[in-house]
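In what follows, a structure is listed as structure tokens, so that the remarks can point back to it.
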Amino acid sequence: MPQPPTRGHWAWLVVIGLAAGFLSGLFGVGGGILIVPALVILLALDQRIAAGTSLAAIVPMATVGVLSYALGGSVDWIVALLLVIGSVVGAQIGSALLARIPRRVLSWFFIGFLVVVIGTLFLAIPSRDASVDITVLSGAGLVVLGLGTGVLSGLLGIGGGVVIVPLLILLFGASDLVAKGTSLLVIIPTALFGTLGNLRRHNVDLSAAAVIGVSACTTTAAGAAIAGIISPTLSTVLFAIFLAAVAVQMTVKVLRSR
């Protein structure tokens, strides 16, 4: 069972929540890519408990983020539903494959994927007026995207935002705001069901998750507001920098795992 945080830990939990909430609102991601390493490095939490705690904390911050984007009309509910259909199945496949496929191989694959995405982000700067046209082909593609995202989530323990946001923009022509708002909506059920499973395995520090989640809620809306103010070009540059930081972090993690 996780140890209760000290007074110093409470302060760190608040700081982690504030930073994660802002990034979540700004980029449409869950924030786990920041929360997990921060809990491991700063608070010396076990990796599994850190991942479970992060997933629980993501639920409230993603909810606030969705509300912020929805008020501006930047959530595509049909696209989100199709993605969720795929991701729910994909997460189960990823969990089943977890013991069969070397995680180092998958990690290097995902790092390569991020590098390719970073390079292609600047090929087409999204328009704020763009929308996703739902056809039989695009609908099937969205389910497949959700499926792949769920598999990666189950295998690597990552949030879906770093996959969903760029591919909704690049492959489906979504605006950057709609991609972010829709991504946050998809993250909610994924994080919720994942948290229920982690609770059964005692891999969640609920007190820490509550502090991070509540703290994040105070900055998520601010991140979403800034995302709506800055230009699509600047948004693309900032997102590319964020993805590069994620790729570097994962590379360091893989190299250290030797």
Side-chain angles (χ1 to χ4, degrees), residues 13-35 38 54-84 87 121 125-132 142 146 149 158-169 172-195 209-243 246:
L13 292 172
V14 171
V15 171
I16 293 170
L18 293 175
F22 183 78
L23 288 178
S24 178
L26 183 61
F27 295 124
V29 298
I33 202 69
L34 168 68
I35 297 173
S54 170
L55 206 58
I58 284 171
V59 175
M61 78 171 76
T63 302
V64 172
V66 167
L67 293 175
S68 300
Y69 279 98
L71 288 174
S74 297
V75 176
D76 192 317
W77 303 91
I78 297 177
V79 169
L81 176 61
L82 293 171
L83 288 169
V84 168
S87 66
L121 273 177
I125 302 298
S127 169
R128 287 282 158 87
D129 298 324
S131 61
V132 180
L142 288 167
T149 301
I158 61 169
V162 294
V163 178
I164 294 173
V165 173
L167 291 189
L168 278 182
I169 295 172
F172 297 93
S175 74
D176 58 320
L177 295 182
V178 169
K180 293 172 183 178
T182 304
S183 169
L184 287 171
L185 180 57
V186 174
I187 287 171
I188 293 174
T190 303
L192 185 59
F193 284 108
T195 297
V211 174
I212 294 173
V214 172
S215 301
C217 288
T218 64
T219 55
T220 302
I226 292 177
I229 294 174
I230 62 178
S231 68
T233 301
L234 179 56
S235 176
T236 299
V237 171
L238 292 177
F239 191 59
I241 294 173
F242 172 74
L243 292 181
V246 172

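The first residue of the sequence shown is numbered 1, and numbering continues consecutively from there.
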Only residue of Val186, Leu185, Thr182, Val84 satisfying side chain to side chain contact (heavy atoms under 4.5 Å, CB included) with Val79 is Thr182

Rounded to the nearest 0.5 Å, the OG1 atom of Thr63 sits from the CD1 atom of Ile58 at a distance of 11.0 Å

Give a yes or no on whether Leu234 atom CG has more than 12 heavy-atom contacts from other residues, nucleotides or ligands under 6.0 Å away.
-> yes

Pick one: which of Ser68, Ser24, Ser235 meets side chain to side chain donor-acceptor pair (under 3.5 Å) with Lys180?
-> Ser235

Minimum-distance pair of heavy atoms, taken over all atoms of Ile16 and Ala38 = CD1-CB, 3.7 Å

Mutual orientation of the aromatic rings belonging to Phe27 and Phe242 [parallel < 30°, tilted 30-60°, perpendicular > 60°] | parallel

Minimal non-hydrogen separation, Asp176 against Ile169, with atom names = CA-CD1, 3.9 Å

Which pair of heavy atoms, one from Trp77 and one from Val66, lies closest together, and at what distance?
-> CH2-CG1, 4.4 Å

Search all heavy atoms of Val162 against all heavy atoms of Pro166 and return the closest pair with its distance.
-> O-CG, 3.2 Å

Should Leu121 and Leu243 be marked as a side-chain contact (heavy atoms from CB on, under 4.5 Å) after you check the CA-CA gap, both sets of side-chain angles, and the distance that decides it?
-> CA-CA 11 Å; Leu121 273 177; Leu243 292 181; 4.0 Å; yes

Can you tell me how far the CG atom of Asp76 sits from the CG atom of Leu83, to the nearest 0.5 Å?
-> 9.0 Å

Where do Ile35 and Leu55 land on the side-chain contact (heavy atoms from CB on, under 4.5 Å) test, with the steps shown first?
-> CA-CA 9 Å; Ile35 297 173; Leu55 206 58; over 6 Å; no

Side-chain touch Leu168/Leu142, heavy atoms, less than 4.5 angstrom | yes

Of the non-hydrogen atoms in Ile187 and Gly30, which two are nearest, and what is the gap between them?
-> CD1-N, 3.4 Å

Point-to-point distance, once rounded to the nearest 0.5 Å, from CD1 of Ile78 to CG of Leu81 | 8.0 Å

Could you tell me whether a side-chain N or O of Ser183 sits under 3.5 Å from a main-chain N or O of Val165, the two making a donor and an acceptor?
-> no

Can you tell me if Thr219 uses its side chain to pair, donor with acceptor, with the backbone of Ala222 under 3.5 Å?
-> no

Can you measure from CE (Met61) to OG1 (Thr218) and round to the nearest 0.5 angstrom?
-> 10.0 Å

Roughly how far, to the nearest 0.5 Å, is the SG atom of Cys217 from the CG atom of Leu18?
-> 11.0 Å

For the residue pair Pro60 and Gly213, what are the closest heavy atoms and their distance?
-> CG-CA, 3.8 Å

